[in-house]
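All remarks here apply to the structure that follows.
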Amino acid sequence: MAVNIGLDFTLPYSYVKATLTLSLLTVWVLVGLFQYLNRYTQRNYFSTWTAAWLFYAIFLTLNITLQSTPPNAFLVMWKNWSVGTSAIFLLWGSFRFLKFRAPQSFVIGLVLLLSVWSYYAARQGETGLWVQAPAFLLLGAGSGVTAYAYMQVRRKRNMVGAGLLSFGFSLWGLYLTCYPFLELSKQLISMAFFISAMLQLFIAVSMIVLVLEEVRATAEFNRKRLLTAKTRQKILHSRVRSSEDRYRKLFEQASEAIVIASADDLKILEMNDAARLLLAASNLNQSDITLSRFCLVGQGGQNSAQEWFTWLTQQRQVQVIRSTGSTVQAEVTGSPIWFAGRKAYQFFFRELTERGRLEQQLRHVEKLSAIGQMISGISHELNNPLTSIKGYLELILARHELPGQTRVDLQRVAEESNRAANIVQNFLTFSREQSNEFRAVEVKQLIESAVDLRKFEMRASGVELDLDFAHELPSVRANADQIKQVLVNLINNSLYAVDDQPEKRVRISVRFSDLLVQIRVQDNGPGIPEAHRSKIFEPFFTTKPVGKGTGLGLSIAHTILKEHEGRIFYEPATIGGAGFVLELPAAHPELNFQPASTPAQQNESPMNFTTTNPARILILDDEITIAEMLGEMLELLGYSAVKCNAPRDALDLITRETFDIILSDYRMPHMNGQQFYKAAITKRPSLARRIIFLTGDVVTRETQEFLASTGNPHLAKPFQLVRVEKLISEVLEREAVAAEAA
Ligand code: ADP
C-alpha cells in the first residue's frame with residue numbers, strides 16, 4: 001500500500017520559464033562573483049571561468065526565448081554552441097587552476113570545431129538528442145574537472161568552502177550530463193531548471209565561503225608574519241642595543257683619548273673620559289667646542305675642516321692645548337667615519353709624557369749598561385798596576401831613609417795614587433760588578449761615619465752641620481761601604497755648592513715611615529736649576545770645571561740605590577738650596593746588625609815592622625809584579641816569602657815544602673782560586689784555614705759564596721801594607737791557638 005506523506009517534488013511545465021529565469025539569475029550572481037574575484041585576486045582562471053558562466057547565461061537566455069517561439073534550428077545551434085563554448089571555458093579555467101598548460105590555439109581550435117559542428121547540425125535541421133548530448137557531456141566533464149580541482153584544494157588546505165565547491169560542481173556536472181534527457185520530459189524540465197538554479201546558488205554560496213576562508217587564512221598568515229617581523233625586529237633591536245653598549249663601553253673605557261668631530265665645522269660630537277682628561281674638558285659644554293681649539297695649528301693655514309683633518313693626521317705628534325692653558329705632547333691618528341647619519345672625523349690621541357718618560361728611562365738604562373761594561377774593562381786593567389804602584393810606594397816610604405823633600409813628594413804621589421784607586425773603585429761600583437754584601441746597617445752610625453770623613457773640611461770652611469735623626473730608627477738592609485760612598489759624595493757636592501755662600505749650611509735628616517728610611521742631605525747653596533734636574537743622574541753630567549768633577553757621583557748613587565731596592569731623587573731643600581733624598585727599605589728584624597768595618601778603621605791599625613817573624617809564606621799570583629811586591633812587603637814585615645806565578649808550581653811546592661800561610665790570587669789562568677784551594681787541601685789538609693785569597697776588582701756572587709763557605713779571609717786589591725800585616729798575624733794567631741787547643 002502506497003503511503004502519501006504529502007510531499008510533491010514535481011513542477012508543472014508551465015513553471016519552466018520561471019525556473020529558467022531563476023537559474024539565469026543565479027548564473028548572473030556567479031558571473032558577478034567570479035568577475036569580482038577575478039578583479040581582486042588577479043588570478044587568470046577566474047576570468048576564464050567568468051567567461052564560461054557568461055556563455056552558460058547565453059544558453060539559458062536562448063532557452064527562455066525558445067520557450068515562447070516555434071522551434072528554430074539556428075536558435076538551437078546558438079544554444080548548442082554557447083553550451084559547448086561554456087564547457088570549453090570551464091575546462092580551460094580548471095586546467096589553469098590545476099596549473100596544466102592548455103595552449104590558447106587548442107582552445108580556439110575547439111571553439112571553431114564546435115561552431116562548425118553546431119552550424120552543420122542546424123543546416124541539417126537537427127535539434128535532437130545526438131546534437132545536444134556531446135556539448136552537455138563536455139560541460140558536465142568541465143564541471144567534473146573543476147570539482148576535482150577543488151577537491152585538491154580541500155585536501156591540501158583543508159578548507160570547507162573548497163569541499164562544498166567540489167561537491168557543488170560534482171552535482172552540477174551530473175545535472176548537465178543528464179540535461180539533454182531531462183529536456184525531453186515536460187514533467188521534469190521545470191524541476192530540472194529549479195534544481196540547477198539551486199546548485200548554482202549552492203556553488204555561489206560555497207565560493208563565498210571559500211573566499212571568506214581564504215581571507216581569514218590570509219589575515220592569519222599576515223598576522224603571523226607581522227608577529228614574526230615584530231619578533232625579528234625586537235631581536236634586531238636588542239642586537240643593535242647590545243653592540244651599541246659594547247661600542248660605548250669600549251669607547252668610554254679606552255685608555256686612549258677618542259674624539260669624534262663633525263666633518264663640517266670640527267664641532268666635538270662625542271669624546272670619551274680619557275679625552276676629557278687629556279683636554280681638561282670635563283667642565284666644558286661639549287656641543288659648543290671645536291676640536292681645533294685644542295691643537296696647536298701648523299703653518300699651512302688650514303681653512304676647511306677637511307684641510308685641518310689632513311694636516312692633523314699627517315702629524316706624528318701634536319701639541320695639545322688643554323682648556324686650562326697647559327700643553328701636552330700627544331701622538332694622533334684619525335679617520336673619517338659616519339656618525340649619527342653624517343660625516344665625521346674620529347681621532348685617537350695618545351699622551352706622550354708617560355711613554356716618553358719610560359723611553360728616556362730605557363735609554364738611560366741602556367746607556368748605563370754600555371758604559372758600565374766599558375768602565376768595568378778599563379778599571380780591571382788599571383787595578384793591577386795601581387796595586388803595584390801603591391804597594392811599592394808604601395814599601396819605599398816604609399823602608400827607606402828618605403830626604404825630607406823626597407818623602408813629602410812621594411807622599412803626594414801616594415795620595416794621588418790613592419785618589420786614582422778611589423776613582424777606579426767608583427768605576428767598579430758603577431759597573432755593578434763589585435761585592436754586594438747586604439747586612440742590617442744602623443743608619444745613624446753610617447751617617448756619622450760618613451760625616452766624620454768630611455768633618456775636618458767642614459770645620460775648616462765654616463760649614464754649619466745640622467744632624468736630625470728621628471727617635472726610633474730601624475736598621476736598613478744595605479752594603480754599608482756603598483751607602484757611605486753615596487753619602488760622602490752627597491756631602492762633597494753640598495760642600496762644593498755652599499762654598500760661595502756667606503753662611504754655609506748643610507743639614508742631614510733621617511725619617512722612617514711606611515717601612516722606608518729616608519735620608520735627606522740638604523744645603524743652602526744655589527740649588528739645581530730646573531733644566532738640569534733631568535740630567536744630573538746621567539753619567540758624566542757635570543757643571544764643575546775640569547779636574548773638579550767627573551759627573552759620576554750621582555749616577556753611581558742612582559745605581560747603588562737601585563741595587564738596594566731603594567731610590568735617590570732630587571727635591572729642593574727646605575733650607576734654600578739642593579736636597580737629595582735616599583730611600584732605603586728597613587731591614588728585616590731578624591737580620592742582625594753587624595756594623596761593617598770601614599776603610600778608615602782599617603787604616604787606623606798600628607804596624608809593627610820590627611817584629612822578626614820566622615813564618616814561611618807562599619805567594620801565588622800570575623801577575624809577576626804583584627807577586628814580587630808582596631814578597632818585598634812580607635820580607636819587610638819579617639816573614640820568609642816564596643813567590644810563584646802558576647798554580648801547578650805552587651801545588652808542587654806544597655808537596656815538597658812546608659808553609660805557614662799561602663797568599664793566593666783568585667783569578668788565574670788555567671786554575672781559579674777555588675780549584676787551587678781544593679787541590680791544595682787534598683795534598684795538605686792542614687792548609688785549609690791558612691790560605692788567604694787575593695781578590696781582584698770583580699767579585700762574582702759565586703766567588704763570594706765560595707769565600708763565605710771556607711771562612712778564610714781575603715784581601716782586596718789594591719791592598720795596604722797594614723792590612724796585609726794584620727790579616728797574616730790574625731791567621732797565624734788563630735792557628736796557633738787552635739794548635740794549642742788540639
Ligand atoms: P760631579 O759632582 O762630579 O759633577 P755628580 O754626579 O755628583 O758629579 O753631580 C752632577 C751635577 O749635579 C753636578 O755637577 C752639579 O751640577 C749638580 N749637583 C749635584 N749636587 C749638587 C748640589 N748639592 N748643589 C748644586 N748642584 C749639585
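As the structure is a prediction and not an experimental result, all values here were calculated from the model. As the structure lists them, so they are numbered: ligands from 1, and atoms in each ligand from 1.
- Considering backbone and side-chain atoms together, Ser555 places no N or O closer than 3.5 Å to any N or O of ligand 1.
- Remark: aromatic rings of His532 and Phe541 are close, center separation under 6.0 Å.
- Below 3.5 Å of separation, one finds no N or O of Ala578 facing any N or O of ligand 1.
- Under the 4.5 Å side-chain criterion, counting only non-hydrogen atoms from C-beta, Leu620 is not in contact with Asp665.
- Here the side chain of Asp523 pairs no donor or acceptor atom with the backbone of Ala497 at under 3.5 angstrom.
- Residue, atom and distance of the protein heavy atom nearest to atom 12 (O) of ligand 1 are Ile536 CG2, 3.4 Å.
- The closest approach between a heavy atom of Gly525 and any atom of ligand 1 is not below 4.0 Å.
- The CG atom of Leu516 lies 15.0 Å from the CZ atom of Arg511; values are rounded to the nearest 0.5 Å.
- Listed for the Tyr677 side chain is no donor-acceptor partner under 3.5 Å among the backbone atoms of Phe693.
- Of the heavy atoms in Thr543, both backbone and side-chain atoms come closer than 4.0 Å to ligand 1.
- Nearest protein neighbour of atom 4 (O) of ligand 1, counting heavy atoms only, is Thr542 OG1, 2.6 Å.
- Considering both main-chain and side-chain atoms, Leu554 comes within under 3.5 Å of ligand 1 through a nitrogen or oxygen pair.
- Closest protein heavy atom to atom 7 (O) of ligand 1: Asn493 ND2, 2.8 Å.
- Ranking protein heavy atoms by distance to atom 2 (O) of ligand 1, first place goes to Lys544 NZ, 2.6 Å.
- In summary, the side chains of Gln522 and Thr574 do present a donor paired with an acceptor at a separation below 3.5 Å, with no hydrogens or angles considered.
- Using a 4.0 Å cut-off between heavy atoms, Asp523 contacts ligand 1 through its side chain alone, with no backbone atom that close.
- Shortest contact from atom 18 (N) of ligand 1 to any protein heavy atom: Ile528 CD1, 3.7 Å.
- For the 3.5 Å distance criterion, the side chains of Asp481 and Gln485 fail to qualify, holding no donor opposite an acceptor.
- Near Gly553, meaning under 4.0 Å from any of its heavy atoms, are these atoms of ligand 1: 5 (P), 6 (O), 7 (O), 8 (O).
- At least one donor-acceptor pair closer than 3.5 Å links the side chain of Asn272 to the backbone N or O of Glu256.
- Residue contacts with ligand 1 include Gly527, since one or more of its heavy atoms lies under 4.0 Å from the ligand.
- Under 4.0 Å from ligand 1, not a single heavy atom of Leu490 appears.
- If you check each of Pro529, Gly551, Pro545 against atom 1 (P) of ligand 1, the one with the closest non-hydrogen atom is Gly551.
- Residues Ser475 and Glu442 bring no donor and acceptor atom of their side chains to less than 3.5 Å of each other.
- With hydrogens and angles disregarded, no donor-acceptor distance shorter than 3.5 Å links the side chain of Arg520 to the backbone of Phe580.
- Side-chain atoms of Lys484 and Asn479 include no donor-acceptor pair closer than 3.5 Å.
- Contact atoms of ligand 1 toward Asn489: 7 (O) (distance under 4.0 Å to a heavy atom of the residue).
- Counting heavy atoms closer than 4.0 Å to ligand 1, residue Phe580 contributes side-chain atoms (C-beta onward) but none from N, CA, C or O.
- Of all protein heavy atoms, the one closest to atom 11 (C) of ligand 1 is Phe541 O, 3.9 Å.
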